[in-house]
Amino acid sequence: MKFYGELTILTLLLITNGRIFFLKKTNLDPVVILAPISLFLSLLQIAAWNIDFFTLTTLVLSILVSLSNFHALFRYSEQVYIDHYSPLMYFWGILTGIISTVLLFLLIFYSPVELRKEKLGIEEEKILLTGNFKSGFQKSSAFDIPDGTLYTFKKIKEADEQTEQKPSIIFFADKTGDTLMYKPYLQLLSLQGYDVYSADFFSKDCRWLHSGGDSKYTRRIIMAIQKVAAPQKFSMNREFYNYNILQECNAMVTLLSSQEFNTKNDTEEASCKKFILITDTMGINAAKDYANQHPQKIQTVISLASLNSYTTQGFGTIAQTDPLLAQVLQGKIPLERKTRYQMNEINQMIQETINLIPQETKTEATDESL
């Protein structure tokens, strides 16, 4: 959905910039209204998907196009006919048109691969949470300001399908990524019969940057830049990160064991069920500490960093979810779109993950694949 939103915005900007070549004089200029519409859509994109290269550049470009068309907007609002376009208008139109074209090419070339849940046969749910780490989290009401987002991935079972109950998996994304950066991995993991949960928290009592950039819109990109630009300084904060992720471990286990996320008949069972914790590089020590403190709750802990097939540690499965970032980090052109759809690397990650689950918690692995 994010890709199509950016595609729509850049297309509208191209139409806005190109109108100076095909709109005749002595006519009204209604096409100019697309400039503020593009700006509004750019703000919605950031609100929905946070800041990254494409959402930020399309926002900046939308602002430039809106400002350069300010007088045209005013003339149209006053129903003034076009006399002529100034040389400056042609300059801005050509310049922003070229930028829009380049961004459109990059957007298509680096387009992410999205797996349709209907094709996979899984259920996905996005649940807004409110609360904090001191008092706990619960589902948000219509008028609450969310403090986190919980994502669930579950395989759709056939009516006559007989399967053994598998432990639920709680996944903790590194803060240089977020749940959506790992989404294909989580989707295919749920296809093995595990209920998979992952959350992104933004409550005020668990800060990562202690600055204005510590918001859900900017945290991922700022921490990614910090890790790439100053890896030694980033690693010096490991103990601080462990403390925060330990809070997330406790919040997730408590939330998923609560009556709110279980039926009345399952509440007693949920209170004593065990979970599998899977983390990336930042959370492994915290997850192990939590497992040692609560052995009755945790079946095992798995680190993605220990998987040989996982090559973009700390950032997620970005060969599929953010090919541009993958090229920046790995210094090579991303896989062809057809190859990205095959998910070879992620399928290997799934197999390695299954192999790390203790034998007594595993059932027969499914043979399902894309």
Side-chain angles (χ1 to χ4, degrees), residues 1-20 29-74 76-77 88-89 91-112 114 126 128 145-146 149 175-181 183 200 202 208-209 211-226 228-229 315-316 318 321-329:
M1 293 299 293
K2 174 180 176 294
F3 167 78
Y4 296 108
E6 299 298 327
L7 187 66
T8 299
I9 294 169
L10 290 174
T11 301
L12 293 179
L13 290 175
L14 275 175
I15 295 172
T16 304
N17 296 322
R19 80 188 193 285
I20 60 176
D29 187 4
V31 181
V32 72
I33 198 67
L34 296 179
I37 291 176
S38 300
L39 177 57
F40 177 69
L41 292 176
S42 297
L43 293 172
L44 290 182
Q45 280 288 101
I46 290 179
W49 305 105
N50 306 331
I51 290 178
D52 63 12
F53 173 78
F54 287 112
T55 57
L56 182 60
T57 51
T58 52
L59 174 63
V60 172
L61 185 60
S62 297
I63 293 174
L64 289 176
V65 171
S66 296
L67 290 176
S68 64
N69 284 275
F70 177 78
H71 290 294
L73 283 166
F74 177 76
Y76 177 68
S77 67
L88 183 61
M89 189 68 177
F91 169 77
W92 277 110
I94 294 172
L95 177 62
T96 54
I98 292 173
I99 296 174
S100 299
T101 303
V102 171
L103 285 177
L104 191 59
F105 170 79
L106 292 175
L107 179 70
I108 295 173
F109 185 77
Y110 292 106
S111 59
E114 298 181 5
K126 177 181 177 181
L128 299 180
I145 297 176
T149 306
K175 306 314 167 190
T176 46
D178 55 28
T179 297
L180 296 179
M181 292 295 103
K183 187 175 179 179
D200 300 315
F202 301 96
W208 295 83
L209 296 172
S211 67
D214 201 352
S215 75
K216 70 174 186 176
Y217 304 110
T218 57
R219 186 176 71 188
R220 180 179 75 87
I221 190 170
I222 290 176
M223 294 195 73
I225 292 172
Q226 288 180 347
V228 173
F315 295 93
I318 53 176
T321 56
D322 194 342
L324 176 59
L325 178 59
Q327 179 171 351
V328 171
L329 294 177

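These values consider heavy atoms only, across backbone and side chains, with no hydrogens, waters or symmetry-generated copies.
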Might you point out which heavy atoms bring [X] and [Y] nearest each other, and give the distance in Å?
X      : Y      : value
Ser111 : Phe3   : CB-CE1, 3.5 Å
Leu209 : Gln226 : CD2-OE1, 3.6 Å
Thr218 : Ile221 : O-CG2, 3.3 Å
Ile51  : Ile46  : CG1-CG2, 3.8 Å
Ile37  : Leu12  : CG2-CD1, 4.2 Å

Taking atom [atom1] of [X] and atom [atom2] of [Y], what is their separation to the nearest 0.5 Å?
X      : Y      : atom1 : atom2 : value
Leu64  : Leu13  : CG    : CG    : 10.0 Å
Leu39  : Leu61  : CG    : CG    : 10.5 Å
Thr58  : Leu107 : OG1   : CG    : 9.0 Å
Glu6   : Ile108 : CD    : CD1   : 12.5 Å
Asn17  : Ser68  : CG    : OG    : 7.0 Å
Leu325 : Arg220 : CG    : CZ    : 7.0 Å

Neighbour count >12 (heavy atoms, 6.0 Å) for atom CD1, Ile145: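 No.
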Spell out, as yes or no, whether a donor-acceptor pair under 3.5 Å connects the side chain of [X] to the backbone of [Y].
X      : Y      : result
Asp200 : Thr149 : no
Thr55  : Asn50  : yes
Ser66  : Ala35  : yes
Arg219 : Lys216 : no
Asn69  : Val65  : yes

State, with a plain yes or no, whether a side-chain heavy atom of [X] is found less than 4.5 Å away from one of [Y].
X      : Y      : value
Trp92  : Leu95  : yes
Leu106 : Phe54  : yes
Leu180 : Thr321 : no
Leu41  : Leu44  : yes

Could you give all pairs that pass the salt bridge (Lys or Arg N to Asp or Glu O under 4.0 Å) test and reach residues 46-66, with sequence neighbours left out?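 Applying salt bridge (Lys or Arg N to Asp or Glu O under 4.0 Å) to every pair that reaches into residues 46-66, excluding sequence neighbours, yields Lys2-Asp52.
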